[in-house]
Amino acid sequence: MCFLANSVRAFMCLALRRDSIFRSSCEMVSKSTNEKLKQGIAVRFHGEEGMGQGVVREWFDILSNEIINPDYALFTQSADGTTFQPNSNSSVNPDHLNYFRFAGQILGLALYHRQLVNIYFTRSFYKHILGIPVNYQDVSSIDPEYAKNLQWILDNDISDLGLELTFSVETDVFGAMEEVPLKPGGTSILVTQDNKAEYVQLVTELRMTRAIQPQINAFLQGFHTFIPPSLVQLFDEYELELLLSGMPEIDVQDWCRNTEYTSGYDPQEPVIQWFWEVVKSLTQEERVLLLQFVTGSSRVPHGGFAYLMGGSGLQKFTVAAVPYTPNLLPTSSTCINMLKLPEYPSREVLRDRLLVALHCGSYGYTMA
């Protein structure tokens with residue numbers, strides 16, 4: 001560890017080894033005081049002369065990839081293959097909670113110093129960082145079929161179906177199936193039409209929160225070292241993703257080439273031609289909002305839109321026709337990457353309604 005002085009302030013210099021960057025970074029950060037890390041950071045790799053902000057950016061980039069390295073068992077890929085969720089079985093690594101705390105420190109430090117990280121998390125994990133309750137829609141990131149089942153329960157009368165559900169679920173605990181009550185006495189409480197909403201919410205909390213609560217707590221302990229809850233809670237989960245990981249570049253031509261149409265739309269329809277004219281006219285931020293609106297993620301898969309994933313594997317971006325009524329906004333089914341676009345009478349109306357949907361946060365989640 002060393003200190004570098006410039007005309008304004010002293011910078012904490014982290015001397016690191018590339019061949020053990022995760023562990024050496026963890027060790028150096030743990031030895032540093034939070035106040036010194038807040039003042040500024042410089043990074044020097046063993047055997048290299050390079051320093052400066054370019055090296056700092058490289059450090060955050062490499063380290064964010066190491067945080068999701070499967071060897072550490074901290075995070076697992078979500079169903080779409082592009083976002084990550086804390087691993088409920090991370091305790092196979094005896095140091096997992098210390099490493100989660102370190103991961104939280106790194107993301108908090110990156111946000112504090114306005115550096116970007118090369119990692120995208122599930123929507124539910126951003127909600128955990130922000131202290132926003134998860135809901136059944138968030139389950140789709142780890143188990144799209146299960147999320148559809150929960151949606152079905154909410155949408156249908158289950159009174160006479162003989163499901164015989166109770167307020168308990170079977171879950172895999174290190175290879176053994178165990179029945180876990182969702183609330184006290186849950187194994188003997190039947191799910192009914194009247195209490196099914198509570199059941200769905202408790203199932204969601206078990207799978208998305210309770211199963212990884214120690215990991216979340218450790219991560220937040222590190223994150224809040226640099227970013228207090230009162231500050232980060234000014235944002236929603238979509239804004240937080242962009243603050244941490246930046247604005248991705250979106251190739252509109254690739255997007256257009258790899259889009260499918262249904263319910264009466266085809267590439268020659270005036271509404272579809274207007275739609276792509278509007279997309280081309282959007283700012284980069286608005287295009288990201290559109291991608292988030294329809295797919296649930298701001299990230300384009302490696303290889304482009306041809307590799308966009310849905311709940312059951314590869315699923316291209318799809319635009320479906322919806323009958324037009326005045327003031328009707330577009331909606332989406334994020335589990336199948338579908339934009340439900342009303343048959344607007346003009347490009348101007350289409351643009352206006354689309355931007356209202358994007359900027360007012362009407363993130364739709366409906367059954368296919």
| request: Apply salt bridge (charged side-chain N to carboxylate O under 4.0 Å, His left out) to R18 and E58, showing your working. | output: CA-CA 11 Å; R18 283 188 183 273; E58 182 188 10; 3.0 Å; yes

| message | Evaluate E145 against K148 for side chain to side chain contact (heavy atoms under 4.5 Å, CB included), listing each step before the verdict. | response | CA-CA 5 Å; E145 286 303 316; K148 285 184 179 181; 4.0 Å; yes

| task | Show the numbers, then the answer: is there a side-chain hydrogen bond (donor to acceptor under 3.5 Å, both in side chains) between Q151 and D155? | result | CA-CA 6 Å; Q151 176 88 57; D155 290 346; 3.1 Å; yes

| Verdict with reasoning, D266 to I272, per side chain to side chain contact (heavy atoms under 4.5 Å, CB included) | CA-CA 7 Å; D266 63 55; I272 296 303; over 6 Å; no

| message | Let's go through K31 and E27 carefully: what are the C-alpha distance in whole Å and the side-chain angles of both, what is the deciding distance for salt bridge (charged side-chain N to carboxylate O under 4.0 Å, His left out) to 0.1 Å, and is it a yes or a no? | response | CA-CA 6 Å; K31 290 180 178 179; E27 181 181 352; 3.0 Å; yes

| Derivation of the side chain to side chain contact (heavy atoms under 4.5 Å, CB included) call for F84 and S78 | CA-CA 5 Å; F84 290 84; S78 63; over 6 Å; no

| request: Show the numbers, then the answer: is there a side chain to side chain contact (heavy atoms under 4.5 Å, CB included) between M28 and L16? | output: CA-CA 8 Å; M28 292 299 293; L16 307 170; 3.7 Å; yes

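Minimum heavy-atom separation, L355 to L282: CD2-CD2, 3.7 Å. Minimum interatomic distance between I142 and P144 (heavy atoms only, all atoms of both residues): C-CD, 4.0 Å. Here the closest non-hydrogen pair linking P330 and A357 is CD-CB, 4.0 Å. Contact record, L328 with P323: CD2-O, 3.5 Å, taken as the closest heavy-atom pair. In this structure, E286 and L358 approach most closely via the heavy-atom pair O-CD1, 3.8 Å. Heavy-atom minimum distance, P345 versus W274: O-CH2, 3.4 Å.
More than 12 heavy atoms of other residues, nucleotides or ligands sit less than 6.0 Å from atom NZ of K183. The number of heavy atoms from other shown groups lying within 6.0 Å of CZ (R351) is above 12.
You'll find the ring centres of Y265 and Y261 outside the 6.0 Å limit. A centroid separation of less than 6.0 Å is found between the aromatic rings of F219 and F125. Aromatic ring centres of F100 and F75: separated by under 6.0 Å. Ring centroid separation for the pair Y344 and F275 does not come in under the 6.0 Å cut-off.
Here the side chains of L63 and I106 are in contact, with some heavy-atom distance below 4.5 Å. Between I158 and V191, the closest side-chain pair of non-hydrogen atoms falls below 4.5 Å. Side-chain atoms of L308 and K316, non-hydrogen and from C-beta on, never get closer than 4.5 Å to each other. Between V203 and V139, every side-chain heavy-atom pair lies at or beyond the 4.5 Å cut-off. Q215 has its side chain out of reach of N87: every pair of non-hydrogen atoms, C-beta onward, lies at least 4.5 Å apart. Counting heavy atoms from C-beta on, the side chains of N93 and S90 never come closer than 4.5 Å. Using a 4.5 Å heavy-atom threshold, the side chains of L74 and H96 count as touching. Two residues are said to be in side-chain contact when any heavy atoms from C-beta on lie closer than 4.5 Å; S30 and F102 fail this criterion.
For the residue pair Q273 and E269, no side-chain donor N or O sits within less than 3.5 Å of a side-chain acceptor on the partner. There is no side-chain donor-acceptor pair under 3.5 Å between T192 and D194. Side chains of N65 and N69: no donor on one and acceptor on the other come within 3.5 Å. For the residue pair Q105/T225, the side-chain donor-acceptor check at 3.5 Å is not satisfied. Under 3.5 Å, the side chains of Q213 and N217 contain a donor-acceptor pair of N or O atoms.
S20 places no side-chain N or O within 3.5 Å of a backbone atom of R23 that could act as its donor or acceptor partner. With hydrogens and angles disregarded, a donor-acceptor distance shorter than 3.5 Å links the side chain of K196 to the backbone of I153. Panel note: side chain S333, backbone I336; no donor-acceptor pair is recorded below 3.5 Å. In this structure, the side chain of S141 engages the main chain of D138 through a donor-acceptor pair within 3.5 Å. Side chain of S263 to backbone of A320: no donor-acceptor contact under 3.5 angstrom is found. With hydrogens and angles ignored, the 3.5 Å screen pairs no side-chain donor or acceptor of D61 with any backbone N or O of R57. Not a single donor-acceptor pair under 3.5 Å links the side chain of H128 to the backbone N or O of V134. Under the 3.5 Å distance criterion, the side-chain polar atoms of S332 are matched with a main-chain donor or acceptor of F293. Panel note: side chain N195, backbone L190; a donor-acceptor pair is recorded below 3.5 Å. With D95 contributing its side chain and N98 its backbone, the two residues share no donor-acceptor pair below 3.5 Å.
The NE2 atom of H224 sits 13.5 Å away from the CZ atom of R101 when rounded to the nearest 0.5 Å. Expressed to the nearest 0.5 Å, how far CG of N327 lies from CZ of R353 amounts to 5.0 Å. Taking CG of N156 as the start and CG of L161 as the end, the distance is 7.5 Å to the nearest 0.5 Å. With rounding to the nearest 0.5 Å, the separation of OG1 in T122 from CE in M208 is 5.5 Å. Between the CG atom of D236 and the CD1 atom of I132 there is a distance of 6.5 Å, given to the nearest 0.5 Å. Rounding to the nearest 0.5 Å places CZ of F45 at 12.0 Å from CZ of R17.
One hydrophobic cluster holds both V278 and L341 under the rule that ILVMFWY side chains link at heavy-atom gaps under 4.5 Å. The cluster map of Ile, Leu, Val, Met, Phe, Trp and Tyr, joined by side-chain heavy atoms under 4.5 Å apart, puts L150 and W152 in the same cluster. Under the 4.5 Å side-chain heavy-atom criterion for ILVMFWY residues, no single connected hydrophobic cluster contains both V271 and V322. Cluster annotation: L234 and L244 are assigned to the same hydrophobic cluster (Ile/Leu/Val/Met/Phe/Trp/Tyr, side-chain heavy-atom contacts under 4.5 Å, transitive). Residues I21 and L37 share a hydrophobic cluster, clusters being chains of Ile/Leu/Val/Met/Phe/Trp/Tyr side chains in contact below 4.5 Å.
Between F305 and W255, the angle of the ring planes stays under 30°, which puts this pair in the parallel group of the 30/60° scheme. Using a 30° and 60° split on the angle between ring planes, Y72 and F22 fall in the parallel class, below 30°.
A cation-pi arrangement is present between R123 and Y238 under the rule of less than 6.0 angstrom and at most 45 degrees off the ring axis. Relative to the six-membered ring of Y146, R207 meets both conditions, a distance below 6.0 Å and an angle of at most 45° to the axis.
For the side chain to side chain donor-acceptor pair (under 3.5 Å) test with S124, the passing option among Q85, E237, Q137 is Q85; the others fail.
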